[in-house]
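This report concerns only the one structure given below.
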2 protein chains.
Amino acid sequence: MTTSKPDATVLRTFAPERHDHRRCVSTALSKADAACTASGLRLTPLRRRVLELVWGSHTPVKAYDLLAILGRERHQAAPPTVYRALDFLQEAGLVHRLASMNAFVGCGEPGGTHAGQFLICSGCGTVAELAEPGLSKTIAASAERLGFEVVRETIEIEGVCADCRRSKPRTGRGAASTAAK
Amino acid sequence: MTTSKPDATVLRTFAPERHDHRRCVSTALSKADAACTASGLRLTPLRRRVLELVWGSHTPVKAYDLLAILGRERHQAAPPTVYRALDFLQEAGLVHRLASMNAFVGCGEPGGTHAGQFLICSGCGTVAELAEPGLSKTIAASAERLGFEVVRETIEIEGVCADCRRSKPRTGRGAASTAAK
DNA sequence: AGTAAGCTTGTTAGATGATAACATCAAATA
DNA sequence: TATTTGATGTTATCATCTAACAAGCTTACT
Ligand SMILES: [Zn+2]
Ligand SMILES: [Zn+2]
Ligand SMILES: [Zn+2]
Ligand SMILES: [Zn+2]
């Protein structure tokens with residue numbers, strides 16, 4: 001889902017308990033329409049549908065899952081169909097590919113192309129997208145010292161989101177032995 | 001290659017002009033022997049050979065490249081052979097998998113398992129491994145604000161190393177039109 | 001030594017992820 | 001309308017990774 005007021009650096013936050021996800025989707029599609037119109041890109045029915053499917057899932061979507069769905073809807077769909085659409089959406093800055101899990105998520109702040117920074121919950125699979133300038137700065141500084149010029153950042157942090165921590169509290173919670181650290 | 005004196009945060013630096021890479025390999029193997037002995041893991045001939053091959057290449061190695069080499073040496077080698085060895089080596093903290101390019105590199109500081117931070121040169125393919133605590137700290141802080149508990153970090157920075165920048169200076173160097181930005 | 005248990009490797013088969021190459025169709029342009 | 005460009009359909013293939021079971025080694029115990 002998208003943040004209502006851009007929470008400092010959070011472009012896309014974890015899904016809250018209950019929310020009308022259809023609104024997330026339609027908002028994303030509207031933004032996409034606007035962005036493509038603005039930059040003269042063609043958000044064709046196929047591409048739009050793929051974007052809708054990507055947003056439709058709350059968790060990252062696999063290319064072959066999309067393929068299966070498209071195969072049912074249209075009566076033809078081969079891998080290139082979905083991969084081409086995804087390539088377009090990535091280049092348009094509308095979706096991101098998560099290298100660590102070969103899957104795709106809708107971008108929480110489309111428009112300008114940007115490398116994303118992601119928090120991926122291994123419990124529920126949801127993803128938050130950050131834009132933490134401090135992070136890029138720290139990276140750039142480290143790189144600088146080695147004379148390395150940064151072109152693209154892949155930052156994917158796996159862990160457990162707040163909801164999942166609440167529902168499955170770790171053993172030793174509170175002041176027990178294995179808790180700290 | 002490995003750093004002689006742990007350069008603050010650089011676990012594995014870019015390969016310099018000329019160096020005796022065989023020494024890098026044998027050093028890595030010795031460290032691996034020691035680490036496995038210490039933790040009671042079995043670095044079998046096969047696993048050791050795979051590690052040697054990974055280190056033998058200056059750049060990240062693909063699983064199927066290893067498979068091809070093993071196929072020549074032994075007269076039998078199927079995908080599970082190499083993937084199992086790589087799994088072992090990863091869990092033993094001897095190699096890292098680079099998710100952004102489906103390839104493997106030797107760990108510059110084996111022993112404790114750790115998530116790596118990598119600078120990958122798109123010019124020459126070499127990789128540097130960092131352990132920048134500031135980076136992890138910044139990430140942890142961002143995650144904290146969302147109640148997210150970090151488990152594993154995937155940080156892979158693509159760019160151009162110092163050597164490659166020198167040998168192929170970008171157009172517009174200095175004060176030209178396309179330079180800045 | 002004998003032998004059972006568990007780890008390691010061999011082997012076959014297949015799932016999943018991604019791309020090349022060419023044909024066809026639709027939209028934009030001249 | 002004719003031409004050109006871009007989007008999609010189609011077929012085939014490559015690349016990456018894993019499941020499942022069989023066979024071989026090591027280790028530990030009797
Ligand atoms: Zn949502
Ligand atoms: Zn984004
Ligand atoms: Zn390492
Ligand atoms: Zn380089």
Side-chain angles (χ1 to χ4, degrees), chain A residues 32-33 36-37 39-54 57 59-92 94-105 125 154 156, chain B residues 32-33 36-37 39-54 57 59-92 94-105 125 154 156:
Chain A
D33 286 330
C36 286
T37 301
S39 50
L41 296 173
R42 293 179 52 194
L43 191 61
T44 63
L46 173 62
R47 292 166 174 173
R48 199 168 190 280
R49 178 62 182 140
V50 169
L51 179 60
E52 188 179 21
L53 289 174
V54 170
S57 165
T59 56
V61 184
K62 302 273 193 169
Y64 272 65
D65 292 342
L66 295 172
L67 187 57
I69 297 172
L70 289 178
R72 257 173 268 135
E73 297 183 351
R74 322 161 75 85
H75 72 105
Q76 76 279 30
T81 302
V82 67
Y83 278 106
R84 282 195 287 231
L86 288 170
D87 283 349
F88 170 87
L89 294 172
Q90 274 180 94
E91 267 159 38
L94 298 171
V95 306
H96 293 285
R97 179 170 183 276
L98 300 179
S100 64
M101 55 192 301
N102 298 331
F104 301 80
V105 285
T154 298
E156 299 173 19
Chain B
D33 286 329
C36 287
T37 301
S39 50
L41 297 173
R42 293 180 51 195
L43 190 62
T44 63
L46 173 63
R47 291 166 174 171
R48 200 168 189 280
R49 178 62 181 141
V50 169
L51 179 59
E52 187 179 21
L53 289 174
V54 170
S57 166
T59 55
V61 184
K62 301 273 192 168
Y64 271 68
D65 292 341
L66 295 173
L67 187 56
I69 297 171
L70 288 179
R72 257 173 267 136
E73 297 184 348
R74 320 161 77 83
H75 72 106
Q76 75 279 34
T81 301
V82 66
Y83 279 106
R84 282 194 288 230
L86 288 168
D87 283 349
F88 170 86
L89 294 172
Q90 273 181 97
E91 268 158 39
L94 299 172
V95 306
H96 294 285
R97 179 171 187 274
L98 300 179
S100 64
M101 55 190 300
N102 299 332
F104 300 81
V105 284
T154 297
E156 299 173 17

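The sequence lines fix the lettering, A, B, ..., with proteins before strands; numbering per chain opens at 1.
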N/O (side chain, [X]) to phosphate O (OP1/OP2, [N]) under 4.0 Å:
{"X": "A/Y83", "N": "C/dA18", "answer": "yes"}
{"X": "A/K62", "N": "C/dG17", "answer": "yes"}
{"X": "A/T81", "N": "D/dG9", "answer": "yes"}

Can you check the [X] [atom1] to [N] [atom2] distance for me, whole Å?
{"X": "B/F104", "N": "D/dA15", "atom1": "CZ", "atom2": "C1'", "result": "13 Å"}
{"X": "B/R42", "N": "D/dT26", "atom1": "CZ", "atom2": "P", "result": "7 Å"}
{"X": "A/R74", "N": "D/dT8", "atom1": "CZ", "atom2": "C1'", "result": "8 Å"}
{"X": "B/D65", "N": "D/dC14", "atom1": "CG", "atom2": "C1'", "result": "14 Å"}
{"X": "A/L46", "N": "D/dG9", "atom1": "CG", "atom2": "C1'", "result": "11 Å"}
{"X": "A/L41", "N": "D/dA7", "atom1": "CG", "atom2": "P", "result": "9 Å"}
{"X": "B/L70", "N": "C/dT9", "atom1": "CG", "atom2": "P", "result": "11 Å"}
{"X": "B/L98", "N": "D/dC17", "atom1": "CG", "atom2": "C1'", "result": "17 Å"}

**OP:** For A/E156 and A/S100, test the side chains for any donor-to-acceptor distance below 3.5 angstrom and give the result as yes or no.
**Re:** yes
Original post:
Between C/dT11, C/dG17, D/dT16, which nucleotide has the shortest distance from any of its atoms to the side chain of B/N102?
Top reply: D/dT16
Sub-4.5 Å side-chain heavy-atom contact between [X] and [Y]:
{"X": "A/F104", "Y": "A/Q90", "answer": "yes"}
{"X": "B/R84", "Y": "B/R47", "answer": "no"}
{"X": "B/V105", "Y": "B/V61", "answer": "no"}

Subject >> Which residue lies more 5' along DNA chain D, comparing A/A85 with B/A63 via nearest heavy atoms >> reply: A/A85
Subject >> 5' precedence on DNA chain D between A/Y64 and A/R84 (nearest-nucleotide basis) >> reply: A/R84
Original post:
Hey, which of these two, B/H75 or A/A78, hits DNA chain C nearer its 5' end, going by closest nucleotide?
Top reply: B/H75
Subject >> side-chain contact (heavy atoms from CB on, under 4.5 Å) assessment of A/L86 paired with A/R97 >> reply: CA-CA 9 Å; A/L86 288 170; A/R97 179 170 183 276; over 6 Å; no
